[in-house]
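Read through the structure below, which is laid out as structure tokens, and then see the notes.
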Amino acid sequence: MSSSPYRLPLGLPRIERDERGGALAGVAAGIARSLGVDATLVRLTFALLAFAGGAGVAAYAGAWLALPTEESSEPSQRRRVLGLVLLVVAGALALRGLGLSDTLIWPALLCGAGIVLTRRPPYGVLGLILVALGVGIFLLTNGGDGERSIVQPSAVAIALLLVLGPWAWRLAVERDAERTARIRSEERAEMAARIHDSVLQTLALVQRESRDPRRVAALARRQERELRRWLYPDARAEGASLASALDAAAAEVEELHGVPVELVRTGDLPLDERVESLVLASREAMANAAEHSGADEVSVFAEVRDDEIAVYVRDRGSGFDPDATTPDSHGIGDSIRGRMARAGGTASLASSADGTEVELRLRRPS
Amino acid sequence: MSRRRVVLVDDHHLFRSGVRTELGDAVEIVGEAGSIAEAVPLIRELDPDVVLLDVHLPDGGGHAVIAQVAPERPGVRFLALSVSDAAEDVIDVIRAGARGYVTKTISGAELVDAIERTADGDAVFSPRLAGFVLDAFRSGEAAADPELDTLTAREREVLQLIARGYRYKEIAARLHLSVKTVESHVSAVLRKLQLSSRHELTRWAAERRLI
């Protein structure tokens, strides 16, 4: 239907007469619906045009003949041709109403009819002849008249615009649609790749390890973490920072030991050697809690304060007597205390039957 | 004590039936809804003690449910329940009037406890929410309204302990306070969060590219 002359090249829906919704023959109502405006506006336009030598009446009659109704099929060829002729006459009357002289209007009409015909394959040659005729008449009648000669180039330009305008418009619309489609398909491809690499892999692993609930839970947690990072990218977690390093450490421990690590953090700052030591000590504390405490979850809270950074690693496990253990048995010795001391910070540990908490503090680098 | 009447609002059917199973007989689930459109008339009709409210619903944020129901049913209390990590969504629900926020990984017993506390009008802060709130009230800039825009040292201390994974009872013991006092500190923080127009909430949101 894209070649239908009733279809405007603006992406508007087909214009149909709206017999039920209309006042007379439903022409105004149909046009209004297609354009998305109020029918009264269209009726008013017809009425105003009627003052231009009856152009509105001719246009209305033409549209009534040429437009299809919603229910019936296309109007007959004869009705359509007659309707088009009436519309053309209406156009001519309207142009006369604007004050254009006959010597301009009739050639323009011939050109217009010719242009329409060139777009309909069997009448293409006839159309070209009409265009030539129109231009010829125009040149003959206006030739030699110095005042009018200004009109000639603009008339030719308008004719060109009429021919090329719709074509250029359609080209732009198509290119736009194509670009949108391409972007969408690229997005879909990226999404598919992401899901394939992450969710589908995890689901496969879950099926294989379905007999080990801890492992399944750890896989699910890791997947959740990854998806979340993708869905809600945290502005602060980009690049090498305390927050992103702690995230990574918590994920590693969780994966290695199969115990969920619940990490809460506020504030962030860039990584340097000392902050990195703090992260490594925190990681060690998390690993200890996950491995030895028997708790089913490790809570980590990291806070960047005005003057220092504090990290708390807490479990609700069995607890132990810090004095009774050998310095290395829980990794408290060198990997936590020693590391923190070398970085200029402190590590302390409190343990009871309710669980264990390691507290790490580091003065902020100035 | 009579069982609490609870309405469950979550668009995931599987999750709802999971919560139902986990809660067992501890509370009475009187209704379930999967969207804002379903939830609003249901809550108005049932007038439950507590609504467990998902932060994300298919037709919008959970805060819309609170905004539409709360004026007519001031007795209904809301507890946000979500997997969402997006701080702005959580803060939205809290500012709309939810009494707290817990993550979906919470255990059944803890959830029952959280429902009881919500029904009693207490604030329920998970470690994650405590982290969000500490972030929102970061010190450093002058406050426009010192009463609402800053946390007291004690409130900060309580929030830090919640973020570290301590329960109210443990916090009370640690700070030599009664549990009731700890609860009132947390409620005060909740009130500040809901009433403060602190520009730092804005700054904090801007840092996260939320606005």
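What you see below is based on every heavy atom in this structure, not just the backbone, and it leaves out hydrogens, waters and symmetry mates. Lettering follows sequence order; numbering is per chain, from 1.
For residues 169-177 of chain B, heavy-atom neighbours of chain A at less than 4.5 Å comprise Glu170(B), Arg174(B), sorted by residue number. Using non-hydrogen atoms only and a strict 4.5 Å limit, no part of residues 5-18 of chain B faces chain A.
Salt bridge status for Arg364(A) with Glu308(A): absent, with no side-chain N to carboxylate O gap under 4.0 Å. For the pair Arg4(B) and Glu116(B), the salt-bridge criterion is met [side-chain N within less than 4.0 Å of a carboxylate O]. Between Lys104(B) and Asp54(B), at least one side-chain N (NZ, or NE/NH1/NH2) sits under 4.0 Å from a carboxylate O, which counts as a salt bridge. A salt bridge links Arg20(B) with Glu32(B): the closest approach of a Lys/Arg side-chain nitrogen to an acidic carboxylate oxygen falls below 4.0 angstrom.
If you run side chain to side chain contact (heavy atoms under 4.5 Å, CB included) between Val76(B) and each of Asp49(B), Ile43(B), Val50(B), only Ile43(B) comes through.
For Glu297(A), no part lies under 4.5 angstrom from a heavy atom of chain B.
Under the 3.5 Å distance criterion, with hydrogens and angles disregarded, a donor-acceptor pair is assigned to the side chains of Glu357(A) and Tyr166(B). No hydrogens or angles considered: nothing links the side chains of Ser184(B) and Thr181(B) as a donor-acceptor pair under 3.5 Å. For Glu110(B) and Ser107(B), the side-chain atoms include at least one donor-acceptor pair closer than 3.5 Å.
The side-chain hydrogen bond (donor to acceptor under 3.5 Å, both in side chains) analysis of residues 182-192 of chain A, with sequence neighbours excluded, yields no pairs.
Remark: Glu38(B) engages Ala33(B), Ser35(B) in a side-chain contact (heavy atoms from CB on, under 4.5 Å) (not counting sequence neighbours).
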